[in-house]
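See below for the structure under consideration.
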2 protein chains.
Amino acid sequence: MADPKYNVIFQILRHRIEQGEYKFLSLLPSENALALEFSCTRNTVRKALALLAGQGHILTMQGRGVQVIYRRRPVPSRPPSTFLLGGIESLKEAADRNGFSLSTRMLSLEESYVDRELAKRSGMAVGEVVLRLRRLRLLNDVPLILDENVFLKSIVPSLNKTIVESSIYAHLEHELGVTVGSATRTVTVEPATEDDVELLHLGGLGCIVAVTSSTFDTNGLLFEYTVSRHSPIGFEFNTTARRLPASI
Amino acid sequence: MADPKYNVIFQILRHRIEQGEYKFLSLLPSENALALEFSCTRNTVRKALALLAGQGHILTMQGRGVQVIYRRRPVPSRPPSTFLLGGIESLKEAADRNGFSLSTRMLSLEESYVDRELAKRSGMAVGEVVLRLRRLRLLNDVPLILDENVFLKSIVPSLNKTIVESSIYAHLEHELGVTVGSATRTVTVEPATEDDVELLHLGGLGCIVAVTSSTFDTNGLLFEYTVSRHSPIGFEFNTTARRLPASI
DNA sequence: CAGTGGTCTAGACCACGGA
DNA sequence: CCGTGGTCTAGACCACTGA
C-alpha cells in the first residue's frame, strides 16, 4: 500500500476545503456519506478527518456534523514557518512550496565530541562523535537564519560544502536512507549576539528567535540537534490546538 | 462513558513514562501485550499510543516496537508555555500545574464592534458586537504578559473586574457552559510599543512575542480573538513534529 | 425520533525487522 | 520464520442534536 487510503481521502478533502468547495463555516458531508463516496468504512474516513482536525481545517461536533473552520490566509511575506502544520518539512521544502528562493552559505564544518553541556541540552550521549556545522540561510537573498547543526557521525559520516549548501535533508533521505521519525522543538527569544548582528538582517531589533530541535530517525536514534537562530523580521510560527481527546 | 478507555490507558502509560518506569530509549510492551493488560483490542491501545506520540513521548517503529523518547526536562523558570502539548490549557492552569503564582490586573473593558480590519485579522463578521478587554498578567509578581481579548458578546454577554482578574476560562466553562473546540495560533516577534515598555518587564530587550489566537467553541462559533504580548524573558514554546501519517 | 459523531470489538491482511 | 507495528473492514452500541 503505497499511500494509505485515509491519506488519499485526507488529501482530497483538504483540497476541497482549501479550494472553497467546502466553504468556511459550512458542514462537510456526514461520515457515512463520505464512507459511501470513498467506498470505505467510517473508521477510515474518521482517520482522514482526524488529520484535517489536526491541521485546524475542521471541527467535529457530536450530533451535528463536521464544520469547516479553515480560512484562507493572506500570502505570507516569507515562508510562514519551517515547521508548518505539526508535520516535518525542511526549510527548503517550505521555501519551494511558497515560491521563495533559498540559498545557503556554509560558515564552518568540523568534527567534534559531545561534551557534558551539549549532552544535557541535546540528549545525546557524552563522548559521541559528531559533525558540527554552521550555515547562514538567505531567503530571497536576505540573510535571515543562522543554523547550528550537530549530526551524529555514525549516521552522517561526512558532509561537504556542496551538500551543505543545497539540501542536507535530501542527502540524508536519498543518499543515506535516513528518515525522520519525530522531532521536539522549543521556541525561545534571545538577545542577539555579535555574530547575529554581523551576519543576520535584524532590522534594528536586538533579539533573535531560537528554534531548538532534537530529531530522532525512524530507528529511534537521536541523530541531530539543531539550533536555528531566526531574525525576528517576518518570523511566523503557526500551530493548532484542540481539546485533547478529539485528536484520534 | 465518562472517560474513554483509550484516555485512561494514555494517562497510565504517560505516568509510567514520566516516572521512569519505562525508561528513555527503551521499548514499551508490544501492542498485543498492552491490549491484554488493559483488556481491550489493539485498536484501543493504538489510540492511546497515538496520543503519546502526539506529545513526543514515544516513537513507533514498524516491525520493531515502540520506543520511549521522552526525556525529563529541567524545571522551567516560568510556565514553559500557555499552550503545552498541542492541547488547550489556560495560562492559569499552566501556572498552577507548574507551581507558579499568577495574578491579573484589568486595564480596560469596553463594548465595541468588529470593524473591517479586526474582521480580516480575526475571521469574525463585520459589525458583530464584542467585548474588548486588556489585562496585565504577572507571573510570580513579574509583569510578563499583556493580553488583548475580544469576545463575542452573544457568547460572553458580560464580564467584570472580579471574573476578569481570576479566570475567564473557568467562568466561560462553568457559568456560561462554553467549551473550546479548536484554536489556531500564530507566534510572531514584534518591536515593543511604549505601552509594552511601560507595562511589561522586558529586561532591556526591545521586542515582545505576540501569540495571536482565534478560538472556536464546540458549537463551531468563532467567539474569541486574542493577542497575547509576552515579554521575551523566559518565553518558551514547545512543540512536537512527526512524519504525518503517524498521527492517527 | 432519526441522524450525527464518539467509542469499542473482533478479526483480517500487509510490511517490516530481526533471529 | 515469527513478532512487531500499519491498515482496513464490519458491525455494534452510545451520546448528542435538532426537528
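Naming: A, B, ... by sequence-line order, numbering from 1 per chain. Everything numeric here is computed off the predicted structure, so don't read it as measured data.
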>> I need the CZ-C1' distance between A:Arg46 and D:dG11, as an integer number of Å.
In response: 15 Å
> Please walk me through it: do B:Ser112 and B:Glu110 pass side-chain hydrogen bond (donor to acceptor under 3.5 Å, both in side chains)?
Replying inline: CA-CA 6 Å; B:Ser112 176; B:Glu110 60 182 26; 5.3 Å; no
> Do B:Arg42 side-chain and D:dG6 base share a donor-acceptor contact under 3.5 Å?
Replying inline: yes
> Is A:Glu111 salt-bridged to A:Lys153, going by a charged N under 4.0 Å from an acidic O?
Replying inline: yes
> Counting side-chain heavy atoms from CB outward, which of C:dG5, C:dC16, C:dC8 is closest to A:Glu31?
Replying inline: C:dG5
> Got a second to check how far B:His57's NE2 is from B:Ile69's CD1, nearest 0.5 Å?
Replying inline: 9.5 Å
> What is the distance, rounded to the nearest whole Å, between atom NZ of B:Lys5 and atom C1' of D:dC13?
Replying inline: 13 Å
>> Starting the side chain at C-beta, find the nucleotide from C:dG5, D:dT7, C:dC16 nearest to A:Tyr6.
In response: D:dT7
>> Closest-nucleotide mapping onto DNA chain D: is B:Asn219 or B:Leu49 further toward the 5' terminus? I mean the 5' end.
In response: B:Leu49
>> By the 4.0 Å heavy-atom rule, please label A:Ser30 as base, sugar-phosphate, or nothing.
In response: sugar-phosphate
> A:Thr41 has a side chain; which of C:dG11, D:dA10, D:dG5 sits nearest to it?
Replying inline: D:dA10
>> Please report the distance, rounded to the nearest Å, between CZ in A:Phe10 and C1' in D:dT7.
In response: 17 Å
>> Starting the side chain at C-beta, find the nucleotide from C:dT4, C:dT9, C:dT7 nearest to B:Cys40.
In response: C:dT9
> Any side-chain N or O of A:Thr60 less than 4.0 Å from the OP1 or OP2 oxygen of C:dG6?
Replying inline: yes
>> It should be established whether A:Thr44 places a side-chain nitrogen or oxygen under 4.0 Å from OP1 or OP2 of nucleotide D:dT9.
In response: yes
>> If you assign each of A:Arg64 and B:Gly63 to its closest nucleotide in DNA chain C, which residue comes earlier from the 5' end?
In response: A:Arg64
> Between atom NZ in B:Lys47 and atom C1' in D:dC8, what is the gap in whole Å?
Replying inline: 14 Å
> What do you reckon, are the aromatic ring centroids of A:Phe237 and B:Phe237 less than 6.0 Å apart?
Replying inline: yes
